Every structure is written in structure tokens, then in C-alpha cells.
Amino acid sequence: MSAAHPERARDALTRVRAEVAKTVVGQDAAVAGILISLLCRGHILLEGVPGVAKTLLVRTMAAALAVDTKRVQFTPDLMPGDVTGSLVYDNATSEFTFRPGPVFTNLLLADEINRTPPKTQASLLEAMEERQVSVDGVPRPLPAPFLVAATQNPVEYEGTYPLPEAQLDRFLLKVTLPLPPRDDEITVLARHAAGFDPRNLAGAGVAPVASGVDIEAGAAAVRQVAIAPAVLAYIVDIARATRVSPSLALGVSPRGATALMSTSRAWAWLNGRTFVTPDDVKALAQSTLAHRLSLRPEAELEGVAVSTVLDAAINSVPVPR
């Protein structure tokens, strides 16, 4: 399989947005977030109230990409082996053989990840960080590319298990899918009135327009995007500003700063540039960093929002010229 040219790869990944628009109205930030996660070899957490097309968005992205995809519906009775796979006794050979779980795919839709207990949530940690699964002491590599696109309802909803900080930090991006504006909601209803069936993506005209080769070529091109020392220092200073914020119990770690560098590079490349600007950093800061922050109890009681605290930290850092 020959490598794709970076320009061709960017064109193909840009066409993915048009394919997604055939089924999902709006939600451009979430579409861009999934593309950035693929280019950065990261993972994405999509949060929103039920009914804002989180699952449909990921299913459509998978249909627009010529990659293998699997879906796991996370429920309270789901076990870790249901995700990673397990050893199964084979009567024919009188031996145990490994039966791969749904995590052995390119794009894993972890649907409603916060509806399953922490033990099962943790079954994804090794896969997300090391891109392998260890069963019975044997590491088994996952295919490339590999992306976990997890959806969750807001944690205050009944019957949910909030993801611990260590697992939240494994997600490159967290994007909140808002309720649609009035005009977009009218468009959604009009599509359904005209016969749109969200279970039939092919019937909606969604077709693969980019492949794993395009993703790998894009990822290689992103790693070549230049980032000036002043912009690197800008990212570090933003991270350090969160660590001294009086409203935060937990600021951005060096891993978070590295993640912001990576997402800024991917955003610059998707926009046709070969270098990162401070505006790229600002554009990705909220979705890359906000979920890594933890408020102090007194700030929570006062109703302070993490996004507001992060904005204040960003605004406290001089922008390089």
C-alpha cells in the first residue's frame, strides 16, 4: 500500500466533513476534534445530553473513513473481557485460545462510557496509552490507526460513573456537543420528515472518502509542522498559569502541554499552514486542556466554571509576537 501525498491526504480528510454533514447538522467542532485526534494518534471524549447525535456523529465518521470500526455499548454489567477479549477453552484442541474483543479495531465507539463501573472503564487504559492489550501476561498489539471515540452524558445524570482524572487525561480532546440552534433544529426535523433514517447511513449517501493511508500521511505531515520556540514557551506558560490558579486544585501537567502542542500542529496543518500560530494554540486550548483541570471545592460551591478559569489563565499569558 503506497503512501498518500500530504496534499491529497488533507483534501480527503476535508471531504470527511462534507460526508458527515449529510447526516449530522452542525457540530463542526466535534468533527474537527475527531480528525485532529486521528492525526495526533489520540482519543476523543464527546459529551452532551441525550439526543444531540453523539453516536450518529461517530458512526458517520466511521462510514466516511475506509477503516474498520466497532461499537461497544457501555452498561453497568459490562465486564473488562467484553472489551479487551479473553481466553476461551477450545474443546477441539483442549487448549485456551485468545478471542479478541471489540477493542481490536481502528475506530472504537465507546458509547456512554460513564455508564459502566470504573473497573470496566479502566480496561481501556492500556489500549489508549500503549496501543496494546495484555491478556494472561501476553501483550497483543492493536491495529493502526487506533482511535477511541467515547461518548458520555453529563456526570450529574442518574446512573453514571464519573471518569477518574487519570483516565480523563488519556483523552487528547474533550468536546461538548451543544443543543442545536433553532435553524439547525428545524433542518434536523425537516430531514426526518423527508424520510431520513439514522440507521441507514448508506441511504443518506455517506460513502468512504478517506482511508487509513490518508490518516497516516496526514499524521506524518503534522509532525513536520514547524513550531517556533516562542510559541512553545507560550504553551508552557499557559500550562504553568493553571498550576498557580487559586481556583484550581489540579492544573495542566506536562502531558497536557504536549497534547496542546500536538493539537495546535494538527489544526494548523488542516488549515493549510506549515507553522503554528498563537491563534492555533488559543483555538485548541479549551478542548485540549479543560478536562484535565480540577476545581477546588470552594470554587465549585461558588459556581465557578472550569472554562472561565482556563480563559483567565490564557489571558494572563502575554501572546508572542
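None of these values were measured; they are calculated from a predicted model.
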What is the minimum heavy-atom distance between [X] and [Y], and which atoms define it?
X	Y	answer
Phe146	Ala127	CE2-O, 3.5 Å
Val148	Ala110	CG1-CB, 4.2 Å
Phe171	His291	O-NE2, 2.8 Å
Ser316	Ala313	OG-O, 2.6 Å
Ile44	Ala30	CD1-O, 4.3 Å

Heavy-atom donor-acceptor pair, [X] side chain to [Y] backbone, under 3.5 Å:
X	Y	result
Lys70	Thr105	no
Ser287	Lys174	no
Thr151	Glu112	yes
Asp169	Glu165	no
Arg273	Trp267	no
Ser123	Val83	no
Asp90	Ala92	yes
Thr242	Val252	yes
Ser86	Asp82	no
Lys54	Leu177	no

I would like to know whether Asp111 and Val58 meet side-chain contact (heavy atoms from CB on, under 4.5 Å); could you show each step before the answer?
-> CA-CA 10 Å; Asp111 215 0; Val58 178; over 6 Å; no
Are the ring centres of Phe104 and Phe98 closer than 6.0 Å?
->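 Yes - the distance between ring centres of Phe104 and Phe98 falls below the 6.0 Å cut-off.
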Thinking salt bridges, do Arg17 and Asp28 make one under a 4.0 Å N-O criterion?
->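 Result for this pair is no, no salt bridge flagged.
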Residues Arg10 and Glu7 bridged, charged N to O under 4.0 Å =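 Looking at Arg10 and Glu7, the cut-off is met.
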Side-chain touch [X]/[Y], heavy atoms, less than 4.5 angstrom:
X	Y	result
Ile34	Val16	no
Asn153	Arg115	yes
Lys119	Tyr161	no
Val67	Ile215	yes
Leu108	Leu147	no

Same apolar cluster (I L V M F W Y, side chains within < 4.5 Å links), [X]/[Y]:
X	Y	value
Leu125	Leu45	no
Val52	Val188	no
Leu57	Val25	no
Val309	Leu250	no
Leu46	Val49	yes

Does atom [atom1] ([X]) have a neighbourhood of more than 12 heavy atoms from anything else shown, all under 6.0 Å?
X	atom1	value
Arg131	CZ	yes
Arg41	CZ	no
Arg243	CZ	yes

Check the pair Leu65 / Glu19 against side-chain contact (heavy atoms from CB on, under 4.5 Å), numbers first and verdict last.
-> CA-CA 10 Å; Leu65 298 165; Glu19 291 300 303; over 6 Å; no
Gap between atom [atom2] of [Y] and atom [atom1] of [X] - 0.5 Å precision:
X	Y	atom1	atom2	value
Asp197	His192	CG	NE2	9.0 Å
Leu284	Leu173	CG	CG	6.5 Å
Leu201	Met61	CG	CE	12.5 Å

Among Glu130, Glu129, Glu126, salt bridge (Lys or Arg N to Asp or Glu O under 4.0 Å) partner for Arg170 |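 In the set Glu130, Glu129, Glu126, the residue that makes a salt bridge (Lys or Arg N to Asp or Glu O under 4.0 Å) with Arg170 is Glu129.
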Determine whether the side chains of Asn114 and Gln121 contain a donor N or O and an acceptor N or O closer than 3.5 Å.
->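 Looking only at side-chain atoms, Gln121 and Asn114 do not form any donor-acceptor pair under 3.5 Å.
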Report the C-alpha separation of Thr288 and Arg292 in whole Å, then their side-chain angles, then the decisive distance to 0.1 Å, and conclude whether the side-chain contact (heavy atoms from CB on, under 4.5 Å) test is met.
-> CA-CA 8 Å; Thr288 307; Arg292 305 171 195 270; 4.3 Å; yes
Given the rule in the side chain to side chain donor-acceptor pair (under 3.5 Å) test, do Thr277 and Asp279 qualify, once you have shown the distances and angles that lead to the verdict?
-> CA-CA 5 Å; Thr277 68; Asp279 285 341; 4.9 Å; no
Do Trp269 and Leu13 pass the side-chain contact (heavy atoms from CB on, under 4.5 Å) test, and can you show the C-alpha distance, the side-chain angles, and the key distance before you say yes or no?
-> CA-CA 11 Å; Trp269 181 78; Leu13 293 172; 4.1 Å; yes
Among Val72, Val133, Val103, whose side chain to side chain contact (heavy atoms under 4.5 Å, CB included) with Leu124 holds?
->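 The residue from Val72, Val133, Val103 that satisfies side chain to side chain contact (heavy atoms under 4.5 Å, CB included) with Leu124 turns out to be Val103.
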